[in-house]
There are 2 protein chains.
Amino acid sequence: MQRTLSVIEYSVDEEAMAAIAKALGHPVRLKILKLLATHECCFTGELRELIPMAQSTISQHLKALLEAGLIQGEINPPKVRYCINPERWLKASALFGKFFIPDKRSLCD
Amino acid sequence: MQRTLSVIEYSVDEEAMAAIAKALGHPVRLKILKLLATHECCFTGELRELIPMAQSTISQHLKALLEAGLIQGEINPPKVRYCINPERWLKASALFGKFFIPDKRSLCD
DNA sequence: GTTATTAATCGTACATTTGCGATGAACTAA
DNA sequence: TTAGTTCATCGCAAATGTACGATTAATAAC
């Protein structure tokens with residue numbers, strides 16, 4: 001893929017929010033986050049029982065969420081416990097909250 | 001790409017939110033939305049002056065936002081005016097707002 | 001040591017996204 | 001009609017994403 005020659009300038013928040021939105025842009029990842037955030041808080045691979053996909057696929061989605069910083073994993077010998085990353089979660093909440101506020105006029109005339 | 005045999009069941013909101021998040025998952029599209037939402041409300045292709053990308057590329061991103069329902073276009077003979085879609089914008093705001101609320105306990109112990 | 005369990009990673013196949021230039025459609029103005 | 005403007009769409013190339021099975025690594029239990 002060719003990239004634009006003139007580098008496009010984005011704000012830090014734009015970059016951060018796009019990365020988070022991208023991570024949220026798949027229903028399986030939303031479901032995982034919802035489970036971690038509400039169901040029983042910190043979790044491990046009983047996700048496999050709740051999500052009918054191959055173990056490797058779920059692991060891949062978890063990796064995407066990790067790389068977006070939205071979750072964190074704590075290895076607990078044979079298992080791994082995944083949790084929401086509270087700081088990043090708050091950051092995401094703030095970014096999206098601010099984004100959707102109609103700063104001036106967001107409605108058409 | 002192979003799909004899972006057992007169809008995965010998502011809630012309507014999960015599907016909707018994933019689609020919106022996907023559309024938000026690119027810095028150019030965030031910038032476009034930000035411009036439409038704040039700068040001068042309804043807009044046309046002076047986006048081209050603000051975003052140093054090929055016209056076809058910008059058009060493609062606008063199409064993605066249209067398909068996600070986040071914006072709407074009104075053809076105004078040689079030009080097209082794009083605006084935020086207020087209903088969808090509110091819906092998105094509500095979805096993300098609800099999503100990030102720590103329903104029970106979102107922090108690890 | 002061996003075995004079992006859990007989860008990450010590798011390799012593969014296919015789909016989708018992202019960028020571009022070129023072309024085409026629609027309308028205005030001359 | 002002829003140009004000019006604006007924007008969508010097409011076709012291409014390269015990158016990324018998504019799913020899978022197979023393998024590997026780490027640890028616990030024996």
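Scope of the values below: all heavy atoms of this structure, side chains included, with no hydrogens, waters or symmetry mates.
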Between B/L62 and B/L47, is a side chain to side chain contact (heavy atoms under 4.5 Å, CB included) present by the stated rule, with each step listed? CA-CA 10 Å; B/L62 287 169; B/L47 290 169; 4.0 Å; yes

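At whole-Å resolution of the value, CG in B/N76 and P in D/dT6 are 13 Å apart. Across the protein-nucleic acid pair, B/L65 atom CG and D/dC7 atom C1' stand 16 Å apart, rounded to whole Å. Counting to the nearest Å, the C1' atom of C/dT16 and the CD atom of B/E67 are 13 Å from each other.
Atoms CD1 and CE, from B/I58 and B/M53 in turn, are 7.5 Å apart once rounded to the nearest 0.5 Å. Interatomic distance, CZ of A/R81 versus CD of A/E74, reported as 5.0 Å (0.5 Å rounding). Note: A/F99 CZ to B/S93 OG = 10.5 Å, rounded to the nearest 0.5 Å.
Residue B/H61 has no polar side-chain atom (N or O) positioned under 4.0 Å from OP1 or OP2 of C/dT17. Contact check, A/H26 against C/dT17: no side-chain N or O comes under 4.0 Å of OP1 or OP2.
Taken over five-pair windows at either terminus, the axes of the helix from C/dG1-D/dC30 to C/dA30-D/dT1 are inclined to one another by 10° (rounded to 10 degrees).
Annotation: salt bridge (charged side-chain N to carboxylate O under 4.0 Å, His left out) contacts involving residues 57-71 of chain B, sequence neighbours excluded, are absent. Counting only residues at least two apart or on different chains, the salt bridge (charged side-chain N to carboxylate O under 4.0 Å, His left out) pairs with a member in residues 84-94 of chain B are B/D13-B/K91.
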Check residues 19-29 of chain A and write down every donor-acceptor pair under 3.5 Å in which the side-chain atom is one partner and the other belongs to a residue at least two apart or another chain.
residue : atom : partner : partner atom : Å
A/H26   : ND1  : A/V28   : N            : 3.0
A/R29   : NE   : A/A23   : O            : 2.8
A/R29   : NH1  : A/H61   : ND1          : 3.0
A/R29   : NH2  : A/K22   : O            : 3.4

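A heavy atom closer than 4.0 Å to some atom of DNA chain D occurs in no member of residues 12-21 of chain B.
A/E15 meets the salt bridge (charged side-chain N to carboxylate O under 4.0 Å, His left out) test with no other residue; sequence neighbours excluded. Residues meeting the side chain to side chain contact (heavy atoms under 4.5 Å, CB included) test with A/L66, sequence neighbours left out: A/I71, A/Y82. Remark: B/E14 engages A/K31, B/Y10, B/S11 in a side chain to side chain contact (heavy atoms under 4.5 Å, CB included) (not counting sequence neighbours).
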Where along nucleotides 4-9 of chain C does protein come under 4.0 Å, by heavy atom, of base (B) or sugar-phosphate alone (S), with - for untouched nucleotides? --SBBB

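For B/L90, the CG atom counts as densely surrounded, since its 6.0 Å shell holds more than 12 non-hydrogen atoms of other residues, nucleotides or ligands.
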